[in-house]
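Working notes for the structure below.
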Protein chains: 2
Amino acid sequence: MDDRTEQLNRAFAALADPTRRDLVARLAVDDATVGELAEHYDMSLQAVSKHVKVLGDAGLVTRSKEAQRRPVHLDADVFDLMSTWIERYRRRAEERYRRLDALLAEESDRERESEAEAS
Amino acid sequence: MDDRTEQLNRAFAALADPTRRDLVARLAVDDATVGELAEHYDMSLQAVSKHVKVLGDAGLVTRSKEAQRRPVHLDADVFDLMSTWIERYRRRAEERYRRLDALLAEESDRERESEAEAS
DNA sequence: CGTGTTGTCAACCCAATGGTTGAATAACGT
DNA sequence: ACGTTATTCAACCATTGGGTTGACAACACG
């Protein structure tokens, strides 16, 4: 499996968890340490640390190495990748929906014609 | 957990699997039956059926009831939801990145000034 | 009718995930 | 050097997830 595929695997999987999406939402406001983040959740610090690790492995988040206070920072790149993927198929689905719509309109045109003939 | 949250849970989880993303890619070209889809994968029909079910539960895909041939059809709505979510945080992350960039530029300005003073 | 085709259900297996607690590590102030 | 603070590692447990095979259901066609 190529690298890009695995990155998408990890990124989508990371965001499938509501706690992690919430972490992302918080980090979008400002960088924060694991400890600070953990205060907002009803789970152990270790659990939050694990969640942050998952986000990190997915490349959604980076950490500055200035240990002691090593804040977590949101990174835009992988969001780009996901966004591109989704947009691609969203557009195609919509496109095909519009075409189906047109097709149905055509068909009901034909039906109306038949009815006109029948009358 | 509200409904929208669970929908995002399921949608992201659904797309975390490369087989399911590939199914989406195929369905973006044209509707297809489970059997047709299964031909392209090195796994049992039942496994593909399960994958399609997961996509269905996530609302990414619908099935027309015209039994015998009941094709799977891509649906755009949930893609919208995901796209909106991701775009929101992608924009914020980029915004914060640009600001950091500006901040660093300012700092190196100051450094250059100090060096100029020192010389 | 019965038969073939298509799809789903059920039970099972193994790996991965999300949580726990307790111990270990790393950097900092004194 | 020492203890404090912040974070991670390790072991464990329960649940979910992706895959298998085998039996079943639904429908079209002869």
Side-chain angles (χ1 to χ4, degrees), chain A residues 1 5-27 30-74 78, chain B residues 1 5-27 30-74 78:
Chain A
M1 224 172 341
T5 298
E6 281 182 22
Q7 197 153 36
L8 281 174
N9 292 171
R10 284 193 291 265
F12 278 116
L15 295 184
D17 184 288
T19 302
R20 288 193 293 258
R21 284 200 307 279
D22 196 74
L23 285 169
V24 167
R26 286 181 194 285
L27 292 169
D30 200 4
D31 294 357
T33 66
V34 171
E36 287 161 358
L37 290 167
E39 290 171 12
H40 302 99
Y41 304 95
D42 187 22
M43 68 180 74
S44 68
L45 182 86
Q46 290 94 319
V48 174
S49 178
K50 272 195 192 179
H51 280 305
V52 169
K53 182 173 192 318
V54 172
L55 290 172
D57 291 347
L60 292 162
V61 125
T62 58
R63 317 209 40 185
S64 33
K65 192 82 174 183
E66 49 166 290
Q68 184 62 358
R69 178 185 179 79
R70 62 202 112 157
V72 185
H73 175 80
L74 203 58
V78 180
Chain B
M1 227 176 333
T5 298
E6 281 181 21
Q7 197 153 35
L8 282 174
N9 292 170
R10 284 193 291 264
F12 278 116
L15 295 184
D17 184 287
T19 301
R20 286 191 295 256
R21 285 200 306 280
D22 196 73
L23 286 169
V24 167
R26 287 182 191 283
L27 292 169
D30 200 2
D31 294 355
T33 66
V34 171
E36 287 162 359
L37 290 167
E39 290 170 12
H40 302 99
Y41 304 95
D42 187 22
M43 68 180 74
S44 67
L45 182 86
Q46 291 94 320
V48 175
S49 177
K50 272 197 193 178
H51 280 305
V52 170
K53 184 174 192 317
V54 172
L55 291 172
D57 291 347
L60 292 162
V61 125
T62 58
R63 315 206 44 183
S64 33
K65 192 80 174 185
E66 50 166 288
Q68 184 61 357
R69 179 183 178 80
R70 62 202 112 155
V72 185
H73 174 79
L74 203 57
V78 180

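Throughout, protein chains are lettered first and strands after them, A, B, ... in sequence-line order, and every chain is numbered starting at 1. Treat the numbers as computed from the prediction; the structure is a model and nothing was measured.
Across C/dC9, D/dG18, D/dT21, the shortest atom-to-atom separation from the side chain of B/S44 is found for D/dT21. Listed nucleotides C/dT8, C/dG18, D/dT7 differ in distance to A/L45; the shortest reach to its side chain belongs to D/dT7. In the set C/dT20, D/dT7, C/dG7, C/dG7 carries the atom at the smallest distance from any side-chain atom of B/R63. Closest to the side chain of A/S49, out of C/dT20, D/dT8, C/dG7, is D/dT8.
A salt bridge does not link B/D17 to B/R21: none of the charged nitrogens lies less than 4.0 Å from a carboxylate oxygen. Here A/D57 pairs with A/K53 in a salt bridge; the nearest charged N to carboxylate O distance falls below 4.0 Å.
Atoms CG (A/N9) and C1' (C/dT17) sit 15 Å apart, rounded to a whole Å. Taking atom CG on A/L55 and atom P on C/dG18, their separation rounds to 10 Å, with Å as the unit. Rounded to whole Å, the distance from CZ on B/R20 to C1' on D/dG19 is 12 Å. Rounded to a whole Å, the CZ atom of A/F12 is 17 Å from the P atom of D/dG17. The NZ atom of B/K53 sits 14 Å away from the C1' atom of D/dT16 (whole-angstrom rounding). For B/M43 and D/dG18, the CE to P distance is 10 Å, given to the nearest whole Å. Note: CG (B/D17) to P (C/dA16) measures 14 Å, nearest angstrom. At whole-Å resolution of the value, CG in B/D57 and C1' in D/dG18 are 15 Å apart.
The side-chain heavy atoms of B/R70 and B/T33, taken from C-beta on, include no pair separated by under 4.5 Å. Considering only heavy atoms from C-beta on, B/R10 stays 4.5 Å or farther from B/L60 through its side chain.
Here B/T33 reaches the OP1 or OP2 of C/dG7: one of its side-chain N or O atoms lies under 4.0 Å away. Between B/R70 and D/dA25, a side-chain N or O to OP1/OP2 separation shorter than 4.0 Å is absent.
Not a single donor-acceptor contact under 3.5 angstrom links the side-chain atoms of B/K50 to the base of D/dG17. For B/Q46 against D/dG22, a side-chain N or O and a base N or O form a donor-acceptor pair under 3.5 Å.
Taking the nucleotide of DNA chain C with the nearest heavy atom to each of B/E36 and A/V54, the more 5' of the two is matched to B/E36.
Between the side chain of A/D22 and the backbone N or O of A/P18, no donor-acceptor pair lies under 3.5 Å.
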